[in-house]
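Here the structure comes first, spelled out in structure tokens, and everything after it is commentary.
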Amino acid sequence: METLSKTSRRDFLKLGLTAGGGLMLSFNWSDSVAAIMNTSGEALAANVDFNSYLSISPDDVVTIFSPNPELGQNIKTSFPMVVAEELDADWKKVKVVQAALDVKKYDRQLTGGSGAVPHSWERLRKAGATARQMLIEAAAKIWNVAASTLTTANGFVIHPNGTKLSYGALATDAAALTVPTEVKLKNPKDFKLIGTVVPNVDNKEMITGKPLYGLDFYREGMLHAMIQRPPSFGTKIKSVDATAAKALPGIVDVVTFKNNVAIVGKSTWEIMKARKVLKVEYENAGNVESTSDHDKLFKELLDKPEATVRRKDGDVETAFKNAATVIKREYQCPFLSHAPMEPMNFFAHVKADGVELIGPTQTPDRARMATAQLLGIAPEKITVELTRLGGGFGRRLQADYVVEAAELSKLINAPVKVTWSREDDMMGGSYRPAVRYRFEAALDTTGNLIGYKLRGVGVNAGNSTREDNFPSGAVANLLIDSIDHQSPITTGAWRAPITNFLAFAEQAFLDEVALAAKKDPVQFRLDLLDKAKQTPTGAIKYDIDRMKSVINLAAEKSGWGKKKNLAQGFSVYFSHRSYVAQVAEVEMVSGNPVLKKIIAASDCGIVINLSGAKQQVAGGIVDGLGHALYGQVTFKDGAAEQRNFNNYKLIRYNEVPQVEVHFVDNGIDPTGLGEPALPPTGGAVANAIFKATGKRLYNQPFTLQEEMKGVKLGQKM
Amino acid sequence: MAAYSINVNGETKKVDVASDTPLLWVLRDSLGLVGTKYGCGIAQCGACTVHLNGTAVRSCALPISAIGTSKVTTIEGLSKEGDHPVQQAWQEVDVPQCGYCQAGQIMSAAALLAKNAKPTEEQIATAMNGNICRCGTYHRIKEAVVLASSKMK
Ligand code: FES
Ligand code: FES
């Protein structure tokens, strides 16, 4: 792990003045020269900082700071690629460093909502382009030629006569120049690095087992802790008997705070053993709910006359009265655990003069603010250092596991790393909410969709609909409403919040509606989009042309409707600014339907890293499929019944179908890809299974449904 | 507590831990070899996979008392320079997403190929099915195992 060395601080300030600084280009410029030190304390090189993202050493090493948390979405590789592209850096000489939380230097330093690249695209490009411009000007002065005559490539400024000066040689001069207020960005057609395959910058560390993750963080003198939280939502501690636990070897203390009992010790296993003899009694402190209660409740809520109206167009009642055909279907999903491969953990050290937080979080600033509030101290006194995250999927958007580590450190007055067991993780989740939908469609005699209704009811789901998504705008009479049930079971954003199930329900429903309208499912969607374009109803908040382009590309690449021996299922969804269409293929193999392949067409704008992007789509499909097939957390008297991977099943190697990934090449600025490939998968698969078997899937997890019997998975991945 | 002497990555290591301490926690907490990961603790996910005399085992379910004189190899000891054919293939195929499961994946793949340098698709599936990848990198894992197999002498 690299840190700025203390001894370099003086140079830092001195040179900082000459480098000139100030707030430019809507992000902060750092004004310093600092040495990057490796762990053994030797200075790697005196680096000249150009801005918050970039510094260049005299020996041509370009250090790019990547501010956003890396959890597998490839940001730590993709962000620096954008800076390096505009800088015309030599990628082989680029060194990427994960930046700690710094709200002055960086904006939106978080991972969520597939928003990092769209948000930072322009500022990253400017960071690179500005530095490039300054390097050119420095060279122009040395050579005494007009800057406009000079070009750059691979870490060099090039004179028309072919003479070259390296960025490292120019760095100090360049940083002393006035920062240009306007810079020319490249024409995307001239991109050399963006759009290519660039391997993950942490590959070597990951494949050799270097300490990268929060759970790998150890520090001399640090204590370990695990926390016993109430096993059931809606209960609180009645009594604690820690006598036996405290007496075990390696146990330092047992501390009770709020509804937590923390066992503090010298090693993880000793703490795990002490937990087994810890006696805690709980009593009810609210509703103690079970999944069977929710099942009943959902049916009541779906029939309730009043609900929160999310969107209302035209006159739905009349449309349904006049309909030739009405189709009404319901879809339900259970709670899901995020279950990132690395269980929750965080290191905290509350000292007299401030707090040090180190670990895996998607939202370092939220963690900092929550800690500040809890401890009643100024946020400026808290530092947050980011480790790599062993997955997140939304769980690490929450600050609960950071705050409790800080609270414990304060109570025991020591540096401590709190580790969650897998069971803690699954029993104390911020689950994907359980939701049930009712869809209704009204068709006229010629199969036109004249009315559309959707009601979503959920447990702590908030608005369980996305009222402005397709097919809103394409139907003259439409009503979308929702009802939420408040429960002690904590829920939160789970990769592609709401749409991770809504997309399945909607796309499976539209498949049935298309069939009732006697139309091809792809053509049916295209017709609706044409209608939305020609005679829009109300506001249209998706891009009709982008949606059509992914539909057409998926249809083309899959040979839609042309393959005789295959059952194909179609699905398309817009989420988080991007568009993904998928075709699932089921083949009959010796009498059994086998899910063989999923073909995806994505429009996420410009693809930055082709390797990372392809894997985001493939991984999103595997994630969407796996959870549609297996994922469920059920509750009995407030307690999660699935507590580890023995009964919370995740998809495995031999269950995965082939995946084929395509991108629409339209040159628009990137629109994000961390989530959008996940939502369409369930619908494509269910529709293909119907094509093959004549059976419709309505509820997840699929593998517990009668209709799924006999369907085989992932033959020949 | 008891004193144990175990052979890890070719070196003899002395630790003083309870006899039921899983090898996983000995490696991580006592020896600072954190490349071996904790994912489930119940032999379900494969994140903690190491080699015991060349065979892939789940270190979370293996108490220190059962190790004896067996040779333990962890991801840190798979190769000196990180250039075992499986590690090379993993880099070339650019397998990792979050990366947390990958040490375990690599150890499973390396154990398979050491015994069977040219495995069939089915044999790969059997060997890799015990390792969960929550990020869904299975396609690349397969590609990398096949590539590594082609690199095996
Ligand atoms: S931690 Fe050992 S198999 Fe999961
Ligand atoms: S790469 Fe994230 S769990 Fe496998």
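In what follows, chains are A, B, ... by sequence order, proteins preceding strands, each numbered from 1.
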Select, from [options], the one with the greatest count of heavy-atom pairs under 4.5 Å involving chain B.
| options | value |
| --- | --- |
| A:Val198, A:Leu650, A:Asn200, A:Asn646 | A:Asn646 |
| A:Leu625, A:Asp425, A:Val659 | A:Val659 |
| A:Glu205, A:Glu342, A:Arg652, A:Arg422 | A:Arg652 |
| A:Asn644, A:Asn74, A:Leu71 | A:Asn644 |
| A:Gln616, A:Glu270, A:Gln73, A:Lys273 | A:Lys273 |

Tell me the residues of residues 48-80 of chain B whose non-hydrogen atoms fall below 4.5 Å from those of chain A, in number order.
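Within residues 48-80 of chain B, the residues that come under 4.5 Å of chain A (heavy atoms only) are B:Ile75, B:Glu76.
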Taking only heavy atoms into account, what residues of residues 34-43 of chain B are found under 4.5 Å from chain A?
B:Val34, B:Gly35, B:Lys37, B:Tyr38, B:Gly39, B:Cys40, B:Ile42
Would you say the side chain of [Y] lies within less than 4.5 Å of the side chain of [X], judging by non-hydrogen atoms?
| X | Y | answer |
| --- | --- | --- |
| B:Gln102 | A:Ile207 | no |
| B:Cys133 | A:Met341 | no |
| B:Val17 | A:Trp269 | no |
| B:Asn131 | A:Tyr653 | no |
| A:Ile651 | B:Tyr138 | yes |
| B:Trp90 | A:Met206 | no |
| A:Arg388 | B:Tyr100 | no |
| A:Gln615 | B:Val95 | no |

Toward chain B, the part of [X] with a non-hydrogen atom under 4.5 Å:
| X | answer |
| --- | --- |
| A:Met426 | neither |
| A:His338 | backbone |
| A:Tyr218 | side chain |

Using a 3.5 Å distance criterion without hydrogens, assess whether the side chain of [X] forms a donor-acceptor pair with backbone atoms of [Y].
| X | Y | result |
| --- | --- | --- |
| B:His139 | A:Pro657 | yes |
| B:Asp29 | A:Thr268 | yes |
| B:Arg134 | A:Phe393 | no |
| A:Asn654 | B:Ala125 | no |

Report which part of B:Glu81 has an atom under 4.5 Å of a heavy atom belonging to chain A: side chain, backbone, both, or neither.
backbone
Which residues satisfy the side chain to side chain contact (heavy atoms under 4.5 Å, CB included) test with A:Arg275, sequence neighbours excluded?
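Applying side chain to side chain contact (heavy atoms under 4.5 Å, CB included) to A:Arg275 gives A:Met226, A:Gln228, A:Ile263, A:Ser421, A:Asp424.
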Is atom NZ of A:Lys76 surrounded by more than 12 heavy atoms (other residues, nucleotides or ligands) closer than 6.0 Å?
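More than 12 heavy atoms, drawn from other residues, nucleotides or ligands, come within 6.0 Å of this atom.
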Can you tell me if NZ on B:Lys118 sees more than 12 non-hydrogen neighbours from other groups inside 6.0 Å?
yes
Pick whichever of [options] has the most heavy-atom pairs under 4.5 Å with chain A.
| options | value |
| --- | --- |
| B:Pro96, B:Gly32, B:Ala103, B:Cys45 | B:Pro96 |
| B:Val86, B:Ile106, B:Ile132 | B:Ile132 |
| B:Leu24, B:Leu33, B:Asp94 | B:Asp94 |
| B:Cys98, B:Gly136, B:Ala47 | B:Cys98 |
| B:Asn129, B:Ile141, B:Thr137 | B:Asn129 |
| B:Arg140, B:His84, B:Gln87 | B:Arg140 |

Mind checking what makes side chain to side chain donor-acceptor pair (under 3.5 Å) contact with A:Gln642, not counting sequence neighbours?
A:Thr634
Taking NZ, NE, NH1 and NH2 as the nitrogens, is one of them in B:Arg28 or A:Asp216 under 4.0 Å from a carboxylate oxygen of the other?
yes
